[in-house]
Amino acid sequence: MRKNHTEVNKMSSMQLLRYLHIGTTGMCYVATEKKPSVRELCRVPDELECLKTLAEGENHRLVTLTIKKAMDSAYLRRSNETIICIAYCLHLVKNKELRDAIHQMLPDLLVTQDDLLLFAFYNKFYSINRTGYGRGLRNAITKWYNLRTTEDLCDMMARRSVINKWSHKDIIRMAHPKIEDPQKVLIVKSTFQGGPNTIENAKCEQNVADMVSYQRLLMIIEFKNLKDGPKAAEMIRKYNIPYAYLPTHLWPHEDVWDALLPSMTYPELLEAIPRLSVMKMLKPTEALSKKYCTALSNMETLRKSQMHPISIYAFLQLYRSKRRYAGTVKEEYYHKKIGIQEMEVNEYVAKKLMNGVNNSFKYLEPIDQSICVVINLRKKLIRRPVFGLKQLTCLDVSLLMALSLFHSGRIVTIMTFSNIRGYLKRIPITTEMSYDEAYKLLRYLHIGTTGMCYVATEKKPSVRELCRVPDELECLKTLAEGENHRLVTLTIKKAMDSAYLRRSNETIICIAYCLHLVKNKELRDAIHQMLPDLLVTQDDLLLFAFYNKFYSINRTGYGRGLRNAITKWYNLRTTEDLCDMMARRSVINKWSHKDIIRMAHPKIEDPQKVLIVKSTFQGGPNTIENAKCEQNVADMVSYQRLLMIIEFKNLKDGPKAAEMIRKYNIPYAYLPTHLWPHEDVWDALLPSMTYPELLEAIPRLSVMKMLKPTEALSKKYCTALSNMETLRKSQMHPISIYAFLQLYRSKRRYAGTVKEEYYHKKIGMQEIEVNEYVAKKLMNGVNNSFKYLEPIDQSICVVINLRKKLIRRPVFGLKQLTCLDVSLLMALSLFHSGRIVTIMTFSNIRGYLKRIPITTEMSYDEAYKVCTEMTMDKTWQDLGTPLDMAVNEGKHYNTFIIFVDSLLRAGRTGKPPIPSFTRYKTKYQQKSPNSSPRFIVVNMRRRKGDMKFTDDPDSMGMLEIAGFDRNSPKVIEAFMKQQFV
């Protein structure tokens, strides 16, 4: 029996909480903008059995706790229903303990002044036969006023809020609260006086000068009585007066709005639009219009507002229909009785509001849940209005809610009812859809094209080819000349910061293009501001100087914005960084620091940096001579190091150079060519050399006969190559090491025939002598580098082609590697770094893939042997086969990577396998809907893409790689990890 009573109380508490949230104890929330009448609301608690059961039972404390929980809700506060329940319990419930408990908790239950005024109104409704407040209620209201801070009370009295004809003045008359703080007494007293009377009476009060909040109240009263617009604007700026205190007679003054706009919240900005439009102050030709659009573009204001996209879109639709209110009765009242004029719609304002809708999705509170959203895409629903928000259609509401959940949920599937019974069709919506242009630009900065094919080649495009590209980039033009121009800098910054691939040429060309050929001054200013962060390394700066000159042929110098940006760049570098740059004396496309400093004349603040930069205009010996004339040089550590490096570079004595290397930790980058033949120098350098530096030095040392097996340096070099810590730090991909090894074995320095012949004929380069011990160490480096790859937390399906003819066919891009080399090295790399990886091959049976028995313990040579034993004379290549097999066998992969020699054999039509990919995604999304699967085809022997992609959203997630180069593994990893789409 006791158990049943507890369950009844629990159920009653849940029903009461549901009523306080949705206005009914049932399972249906009736959404309407129309508010119920007072009599309708006040009859509800009498029909609430759950409230009666709890209020008159033993667990009456659940009433106050449930009401407190509803009032504190971060999601929905239905103040009317909640406060009616409080008033009902105080007057119509006989349980004295409950009434006392409510009196005790009332100051906490009534959170805002609106709650207090509403309570006063409903309390009067229930106490018709009573003339005043009882002791319990008077004490509660006294406590409410005493708990408010002087700042809060000042704000309340300044607003002079009235709800249902009740104000603070009426409550104070009824309750006679005993307020303790003298400052609060004066603030509350002001509600009984007119504004000018309050100021006059304040002069008679004592100690008013020390009362900060009361002084602010007097200032606000003075502000509200002002008629002079410029003076009001001055007060707004000086005292941070908010929009809420703005009297109607100051609305026509543009100066006032100039002062107010920076501090207005997003809801306040929306609230003011209709009235300003009626007053013709938001015409496109008006100066206020542009400032208002700028305020609406402030993303920080939007983020703080936490407004739902539906609320902004509903307001936008009202604005477009030239209405202030959705309700016909209210709108007609304002038109007929008040004589309100018709609004003039400003399309720039409407566009900013639409941007607000799109951006508000990003600021929604996360929902850590898996959600399935089903909408109805029936044609007739496109124009049918919903009940409640008449300005929105059924499609508007369902799509806005679906997108909101898609951005905020953890795993979200959006589907629609179809014309087939029992079948739902998935809607291919992505989080990127509002930012198509930005994602196209990001794709270009990662793979050098806005299309879905990355052409891999070791040959760099010419300058003129690169500089013509941005002019053909519609996405860059659209972003640069549109309102979302800030996405240009953010996208470029994201690409420059990428941990996977930095295509410096394309990125820096886009920066130079925007600075010279885009008319948007705001964008140019933003790029100048961000330039020191966008140009991360000195190579970036030198490349930028070159491309900037290319675009500014008719200009002789740098403008102020660019000079300031370059000054900031040099000032942000540390003295150690500048010392390293000047010591290297880097030159890119005939541009050095010397040329940039001549053009920009940077105002460098640090005296040590000035001396370091000055050295670039002097020869090495001159710098040392001039240093003797400078003062305080002894304390400049970095400048002293620069002098030491200059001295080292001019040394001819090998043993002395080796001694300096050990003493001052001089790196390989500073080694002059005339010191290369000295074995002592290499003994000192080898322990500090990085793995790429070790590889770089091998061809030249081999030509100089210093790496013969009989030479002492050969063993030391092999020991350095065996250092696993050096290999781990380098993070070199196995393909890069193996490509170098194959070049070394073929006794070449360069893969390109033209470059190799040039060095042979013009420079008279001798033939490289191959040391098998070095080659063996490099092969060990290939095998060990698999262990140091960055983990990829994905399930991956890798399909290669073990056709016999492909064993010796070279790939386009890395000519020294065969198709089998590339596909197997990539398969092994993914096998070691992926979470779950399946490696298969096309077979001689159509529609069937054969698994390759490779394990993580196998070396590359062992895996190569397994593959050669499995080679076939003929294979059936079909790009859709891996997807179809995964669907049929119920396998779940995040990424499919297919290696083929040519798509002309694998798919003669050139059509990507979209039907198979869509079928797989439909099934895959049920398990992990919020993570889009990836499908990558590596077309190893082609110079251009063969797949014919369209703008079909179903092809989103596909990528073709034509050829293969050292950057291709990074492109694959970046695409797998959704760094670009």
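Every value quoted in this text rests on a predicted model; they were computed, and no experiment measured them. Residue indices begin at 1 and follow the sequence shown.
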His674 side chain to Leu651 main-chain N or O, any donor-acceptor pair under 3.5 Å?
yes

After noting the C-alpha distance and the side-chain angles of Thr575 and Met636, does the key distance pass the side-chain contact (heavy atoms from CB on, under 4.5 Å) rule?
CA-CA 9 Å; Thr575 52; Met636 298 179 179; over 6 Å; no

Between Phe544 and Leu562, is the side-chain contact (heavy atoms from CB on, under 4.5 Å) condition met? List the steps.
CA-CA 11 Å; Phe544 169 77; Leu562 190 51; 3.6 Å; yes

Between Tyr266 and Lys352, the two heavy atoms sitting closest are OH-O, 4.3 Å

As a quick check of understanding, evaluate side-chain contact (heavy atoms from CB on, under 4.5 Å) for Asp540 and Thr537, giving each step before the final call.
CA-CA 5 Å; Asp540 295 337; Thr537 66; 3.3 Å; yes

Answer yes or no: is there a donor N or O on one side and an acceptor on the other, between the side chain of Arg934 and the main chain of Phe975, under 3.5 Å?
yes

Atom pair CG (Leu534) and CD1 (Ile527), whose distance is rounded to the nearest 0.5 Å
7.5 Å

Any donor-acceptor N/O pair, Lys568 side chain to Leu531 backbone, under 3.5 Å:
no

Nearest 0.5 Å, what's the CG-CG distance between Leu642 and Leu611?
9.5 Å

Does any donor atom in the side chain of Ser592 or Asp595 lie under 3.5 Å from an acceptor atom in the other side chain?
yes

Heavy-atom closest pair, residues Ala720 and Leu694:
O-CD1, 3.9 Å

For the pair Trp682 (side chain) and Trp676 (backbone), establish whether a donor and an acceptor sit closer than 3.5 Å, ignoring hydrogens and angles.
yes

With a cut-off of 6.0 Å (strictly less than), are more than 12 heavy atoms of other residues, nucleotides or ligands near NZ of Lys614?
no

For Lys609 and Thr574, work out which heavy atoms get closest and say how close.
CE-C, 4.2 Å

Does Ser736 have any side chain to side chain donor-acceptor pair (under 3.5 Å) partners at least two apart in sequence or in another chain, and if so, which?
none

With a 3.5 Å distance limit and no angle check, can you tell me whether Ser289 reaches the backbone of Thr285 through a side-chain donor-acceptor pair?
no

Non-hydrogen side-chain atoms of Met732 and Leu695 separated by less than 4.5 Å
yes

Does CD in Gln529 sit with more than 12 non-hydrogen atoms of other residues, nucleotides or ligands closer than 6.0 Å?
no

Inspect the surroundings of CD in Glu605 and state if more than 12 heavy atoms from other residues, nucleotides or ligands are less than 6.0 Å away.
no

According to side chain to side chain donor-acceptor pair (under 3.5 Å), who are the partners of Asp653, at least two apart in sequence or on a separate chain?
none

Do Ile509 and Phe550 come close enough that some side-chain heavy atom pair is under 4.5 Å?
no

Apply side-chain contact (heavy atoms from CB on, under 4.5 Å) to Ile735 and Leu814, showing your working.
CA-CA 10 Å; Ile735 281 187; Leu814 287 173; 4.0 Å; yes

Here the gap from Leu541 atom CG to Ile596 atom CD1, rounded to the nearest 0.5 Å, amounts to 3.5 Å

Distance under 6.0 Å and angle within 45° of the ring axis: does Arg641 meet both against Tyr664?
no

Can you check side-chain hydrogen bond (donor to acceptor under 3.5 Å, both in side chains) on Ser968 and Asp965, steps first, answer last?
CA-CA 5 Å; Ser968 297; Asp965 61 5; 2.7 Å; yes

Taking it one step at a time, do Glu973 and Lys977 satisfy salt bridge (charged side-chain N to carboxylate O under 4.0 Å, His left out)?
CA-CA 6 Å; Glu973 188 175 355; Lys977 293 185 176 179; 3.1 Å; yes

With a 4.5 Å cut-off on side-chain heavy atoms, are Pro699 and Phe740 touching?
yes

Quick one: pull up CG in Asp580 and CD1 in Ile645 and give me the separation to the nearest 0.5 Å.
7.0 Å

Salt bridge check, Glu659 against Lys656: does any charged N sit closer than 4.0 Å to a carboxylate O?
no

Counting only N and O atoms by type, is there a donor-acceptor contact under 3.5 Å from the side chain of Arg524 to the main-chain atoms of Val518?
yes

Treating Asn359 as the side-chain partner and Asn355 as the backbone partner, does any N or O pair qualify as donor plus acceptor under 3.5 Å?
yes

Drop me the distance from Met581's CE to Leu542's CG, to the nearest 0.5 angstrom.
9.0 Å

For a 4.5 angstrom cut-off between non-hydrogen side-chain atoms, does Met644 reach Ile666?
yes

Compare every heavy atom of Leu675 with every heavy atom of Ala657, then report the nearest pair and how far apart it is.
CB-CD1, 3.8 Å

Considering all heavy atoms of both residues, which atom of Leu515 and which atom of His528 are nearest to each other, and what is their separation?
CD2-NE2, 3.5 Å

Assign the ring pair Trp569 / His593 to parallel, tilted or perpendicular, where the plane angle (0 to 90°) is split at 30° and 60°.
tilted

So, taking the atom named CE in Met299 and the one named CG in Leu302, what distance separates them when rounded to the nearest 0.5 Å?
5.5 Å

Determine yes or no for a side-chain-to-main-chain donor-acceptor pair under 3.5 angstrom, with Lys351 supplying the side chain and Cys293 the backbone.
no

Residues passing the ring-ring contact (aromatic ring centres under 6.0 Å, His included) test with His733, sequence neighbours excluded, are none

Nearest heavy-atom approach of Arg728 to Tyr788 is CG-CD2, 3.6 Å

Would a distance-only check, ignoring hydrogens and angles, find a side-chain to backbone donor-acceptor pair under 3.5 Å from Gln608 to Ser638?
yes

If only atom types and distance count, is the side chain of Thr616 paired as donor or acceptor with the main-chain N or O of Val613 below 3.5 Å?
no

